[in-house]
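Accompanying notes for the structure given below.
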Amino acid sequence: MNRRQMLMLTLPLVAAPSLALAQTKNLPAAPAAKPVAKRDPYAPTEVAIRPDFEVGSIVVVSKDFFLYHVVAPGRAIRYGVAVGTAELIWRGRASVGRKTEWPSWTPTPAMIKRKPQQYGKWADGMPGGPTNPLGARALYLYDAKGNDTSIRIHGTTEPGSIGRAVSNGCLRMRNEAVMDLYEQVPVGTPVYVY
């Protein structure tokens, strides 16, 4: 084989990559991938639960940041909640003693003592409305003797707090979620907070 024959054999190998590149330039572009919507883990969702919770009751699992409204044996609507900070998580059994739309709010004496600059100005209360920290609705929890526990299941002006331990003991829900729950549960509904 002479030099000319050898060059003729290598020419296609040298040209092949540039031919392949030239052909890909003329191909239509691949369609852009659609962004995958991230599912909101705190959006209301029907889920299976233990069948021993009474239908109509509310069950809160604080460590998981979920409130369950039992709608059928073994079935519940799960809502995301914010709970009390580590030292302020309330646990126990209560019942819904009263319900209020656009509730007024008065910080407890303990809240004022902990953070006087933040809460002191509201010692006489804050009227209900869109800027009120209790949000659009509140369910007031009472103990077995009929005493107000000072714990509320309520809306919030801080929807980004859902799924975190940030409150003074109450259970916060997004306003649209607490409005839905408010319509579903009557006064007297049992509430279990774990």
* **Asn132 (side chain) donor-acceptor with Ser104 (main chain) under 3.5 angstrom** => no
* To do: Spell out, yes or no, whether Ile49 and Tyr42 are grouped together once hydrophobic residues are joined by side-chain heavy atoms under 4.5 Å, including indirect joins.
  => yes
* Structure fact -> Scanning both residues in full, the closest heavy-atom pair of Gln118 with Trp122 reads O-CD1, 3.9 Å
May I have the list of side-chain donor-acceptor pairs in residues 158-178 shorter than 3.5 Å, sequence neighbours left out?
unit_1 : atom_1 : unit_2 : atom_2 : d
Ser161 : OG     : Glu158 : O      : 2.7
Ser161 : OG     : Arg172 : NH1    : 3.1
Arg164 : NH1    : Gly160 : O      : 3.3
Ser167 : OG     : Val83  : O      : 3.3
Ser167 : OG     : Gly84  : N      : 3.2
Ser167 : OG     : Gly169 : N      : 3.1
Ser167 : OG     : Cys170 : N      : 3.3
Ser167 : OG     : Cys170 : O      : 2.7
Asn168 : OD1    : Arg114 : NH2    : 2.8
Asn168 : ND2    : Tyr119 : OH     : 2.9
Arg174 : NH1    : Asp40  : OD2    : 2.6
Arg174 : NH2    : Asp40  : OD2    : 3.4
Asn175 : OD1    : Ala136 : N      : 3.0
Asn175 : OD1    : Thr156 : N      : 3.2
Asn175 : ND2    : Thr156 : O      : 3.2

* Do the non-hydrogen side-chain atoms of Thr106 and Met111 ever get within less than 4.5 Å of each other? -> no
* Determine, using the 4.5 Å side-chain heavy-atom cutoff (strictly less than), whether Leu134 and Leu181 are members of one ILVMFWY cluster. => no
* **Tyr140 six-ring face occupied by Arg152 cation (under 6.0 Å, within 45°)** => no
* To do: Indicate yes or no for a side-chain donor-acceptor contact from Ser95 to the backbone of Gly97 under 3.5 Å, with no hydrogens or angles considered.
  => no
* Asked: Would a hydrophobic clustering, with Ile, Leu, Val, Met, Phe, Trp and Tyr connected at side-chain separations under 4.5 Å, put Val96 with Trp105?
  -> no
* Asked: Would Phe53 and Tyr68 count as a ring pair (Phe, Tyr, Trp, His ring centres under 6.0 Å) if you check the C-alpha gap in whole Å, the side-chain angles of each, and the deciding distance to 0.1 Å?
  -> CA-CA 10 Å; Phe53 287 112; Tyr68 299 85; 8.4 Å; no
* Asked: Is it true that Asp143 and Lys145 make a salt bridge, defined as a side-chain N closer than 4.0 Å to a carboxylate O?
  -> no
* Spatial distance of atom CE (Met126) from atom OG1 (Thr131) [nearest 0.5 Å] -> 5.0 Å
* Exercise: identify the closest heavy-atom pair between Thr157 and Pro130 -> CG2-O, 3.3 Å
* hydrophobic_cluster_shared for Leu88 and Trp90, side chain cutoff 4.5 Å -> no
Tabulate below the donor-acceptor pairs under 3.5 Å that side-chain atoms of residues 182-194 make, not counting sequence neighbours, or state none.
unit_1 : atom_1 : unit_2 : atom_2 : d
Thr189 : OG1    : Pro186 : O      : 2.7
Tyr192 : OH     : Glu54  : OE2    : 2.6

I'd like a table of donor-acceptor pairs (distance under 3.5 Å, sequence neighbours excluded) in which one partner is a side-chain atom from residues 72-80, with atom names and distances.
unit_1 : atom_1 : unit_2 : atom_2 : d
Arg75  : NE     : Glu46  : OE2    : 3.2
Tyr79  : OH     : Asp180 : OD2    : 2.5

* Asked: So do the side chains of Leu67 and Ile153 get within less than 4.5 Å of each other, counting heavy atoms only?
  -> yes
* I would like to know whether Gln117 and Ile112 meet side-chain contact (heavy atoms from CB on, under 4.5 Å); could you show each step before the answer? => CA-CA 8 Å; Gln117 296 287 42; Ile112 294 170; over 6 Å; no
